[in-house]
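To start, the structure itself, in structure tokens.
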Amino acid sequence: MFADLIAQWGGPAAFTRALGNKHLHGKVSVEAAQQLVSWSDLDEVIINQRLAPPDLFLADNGQVIPPTRYLDSGPSPLRKNHPMVDPAKLRKCLTAGATLVINNLHEMLPKVIDGAHELGRAVGERIQGNLYATWGKTHGFKPHWDDHDVLIVQIQGSKKWDIYGPGKPWPLDHTDDADNTRPSAPVWSGTLTPGDVLYLPRGWWHNVGGTGNATVHLTFGFQRRTAMNYITWLIDKLPENEIFRMDLPRDQVEQHQNAISEAIGSALNEHSMKEYLSEFSCQLDREAPSPLTLESVRAEQNVTIDPC
């Protein structure tokens, strides 16, 4: 699905150049979008996966609704230690205008798992799949920005989007970048219908609202590598040099700092950014989902196998 979408955006090279720099709007087939997740999938996953916060929660106009309003509050010890959704209470909250949020669907539904892996290969990052369902014209969240890139696939119904762009270049998180102020006017506004896809870089302000119908969209989120990730990885390599293990002196400080600066330069040369990205890419390959086929487990006796 994403290969066709990326082709619309000029191919892999053009898509890679766009990441972090501009928003993109594209289209996949309605069938492809709706194969990712259906209403019946949601019914089953909510109950069968025994979802509760933080994997499932409700929000209304930026406020998180107390879980006691939609979870089973029965007196049994099982429900106390392992709460689960009360269908009647959940329906009541949703009818009153709450937005349903289900996190980590990339670990629950086969089509979402496959879609997340496909997108992950395209962007070279780990992917998380979260779902948002709204009934009516409500806003689950106030205008906001995310600390990760997002690719939104409209599944059911329609939603109105206003995209304002970034207020601060390359923000990392809401604590350190509280000064990321929303621009005054949208750079793009539109209504997404099934099959519509939006890409937004991290830090881009946006506002989303229902249009009166039952609507579902799936957000694939990913955090792109930054110099902070590279430096964090590099720190684990530094103890190889004794200068980083030595106590800091109280005299000859400048001489010691010069030695540290030289050692850091050597570490940067020895452990390049290319090495870091290659190692991270290998990690992603190892994390690729593989089917579990218990029927094929070897049951023969006296067979030597590697211990798990």
Side-chain angles (χ1 to χ4, degrees), residues 1-2 5-6 9 15-16 18-26 28 33 36-37 41-42 45 51 53-59 62 64 99-134 139-155 159 161-168 170-177 180 188 192 196-208 215-226 228-229 280-281 283-284 287-289:
M1 180 178 75
F2 291 121
L5 180 69
I6 292 171
W9 291 335
F15 177 55
T16 299
L19 293 177
N21 294 305
K22 63 180 181 178
H23 81 278
L24 300 170
H25 179 209
V28 299
L36 289 169
V37 57
D41 288 334
L42 297 184
V45 78
L51 294 187
D55 289 322
L56 178 150
F57 68 91
L58 303 182
V64 175
T99 290
L100 170 67
V101 182
I102 300 178
N103 291 324
N104 301 312
L105 275 182
H106 66 288
E107 297 177 343
M108 303 179 199
L109 294 178
K111 291 295 185 180
V112 181
I113 293 171
D114 292 342
H117 182 53
E118 181 186 355
L119 181 60
R121 290 198 305 269
V123 300
E125 302 290 354
R126 294 185 179 92
I127 307 295
Q128 180 175 0
N130 300 334
L131 179 137
Y132 302 81
T134 301
H139 292 256
F141 302 92
K142 296 179 179 179
H144 66 282
W145 60 274
D146 297 309
D147 61 5
H148 52 274
D149 293 29
V150 294
L151 190 142
I152 298 98
V153 182
Q154 187 66 27
I155 307 293
K159 280 183 179 173
W161 282 74
D162 293 312
I163 300 173
Y164 293 87
K168 177 182 180 179
W170 312 108
L172 291 176
D173 61 58
H174 290 82
T175 299
D176 293 336
D177 300 296
N180 184 20
W188 184 90
L192 301 190
D196 275 319
V197 180
L198 276 180
Y199 162 74
L200 297 182
R202 79 171 185 269
W204 280 50
W205 283 85
H206 53 281
N207 188 32
V208 188
T215 173
V216 175
H217 79 261
L218 188 63
T219 294
F220 290 100
F222 53 96
Q223 290 187 317
R224 301 180 65 227
R225 301 299 91 190
T226 70
M228 298 297 293
N229 300 113
F280 182 76
S281 179
Q283 289 178 357
L284 292 182
E287 294 169 4

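What you see is a predicted model; the values in this text were computed from it and never measured.
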The salt bridge (charged side-chain N to carboxylate O under 4.0 Å, His left out) partners of Asp162 (sequence neighbours excluded) come to Lys160
Applying ring pair (Phe, Tyr, Trp, His ring centres under 6.0 Å) to His206 and not counting sequence neighbours gives His144, Trp161
query = Any chance the side chains of Asn103 and Asp55 put a donor and an acceptor closer than 3.5 Å?
reply = no
By side-chain hydrogen bond (donor to acceptor under 3.5 Å, both in side chains), Glu125 pairs with (sequence neighbours left out) Arg225
Sorted by chain and residue number, the side-chain hydrogen bond (donor to acceptor under 3.5 Å, both in side chains) partners of Tyr132 (sequence neighbours excluded) come out as none
Closest non-hydrogen contact found for Ala122 with Ile6 is CB-CD1, 3.6 Å
Leu24 meets the side-chain contact (heavy atoms from CB on, under 4.5 Å) criterion, sequence neighbours left out, with Trp9, Phe15, Ala18, Lys22, Tyr199
Here the pair of heavy atoms bringing Met1 nearest to Leu36 is CE-CD1, 3.8 Å
Residue set satisfying side-chain contact (heavy atoms from CB on, under 4.5 Å) with Pro166, at least two apart, ordered chain then number -> Trp204
Residues passing the side-chain hydrogen bond (donor to acceptor under 3.5 Å, both in side chains) test with Glu287, sequence neighbours excluded, are Arg126
Notebook entry, point to check: Quick one: does Asp146's side chain have a donor or acceptor within less than 3.5 Å of a partner on His148's backbone?
Noted result: no
Taken in chain and number order and not counting sequence neighbours, the residues that satisfy ring pair (Phe, Tyr, Trp, His ring centres under 6.0 Å) with Tyr164 are none
Can you tell me if Asp149 uses its side chain to pair, donor with acceptor, with the backbone of Arg202 under 3.5 Å?
yes
Validation: residues 109-117 side-chain donor-acceptor distances under 3.5 Å, sequence neighbours left out:
from   : atom 1 : to     : atom 2 : distance (Å)
His117 : NE2    : Arg121 : NH1    : 3.0

task = Using a strict cut-off of less than 4.0 Å between a Lys/Arg side-chain nitrogen and an Asp/Glu carboxylate oxygen, indicate whether Asp177 and Lys168 qualify as a salt bridge.
result = yes
Would you tell me whether Gln154 and Thr215 have side-chain atoms, one donor and one acceptor, within less than 3.5 Å of each other? yes
Sorted by chain and number, sequence neighbours left out, side-chain contact (heavy atoms from CB on, under 4.5 Å) with Thr16 holds for none
Sorted by chain and residue number, the side-chain contact (heavy atoms from CB on, under 4.5 Å) partners of His25 (sequence neighbours excluded) come out as Trp188, Leu192, Asp196, Leu198
Sorted by chain and number, sequence neighbours left out, side-chain hydrogen bond (donor to acceptor under 3.5 Å, both in side chains) with His174 holds for none
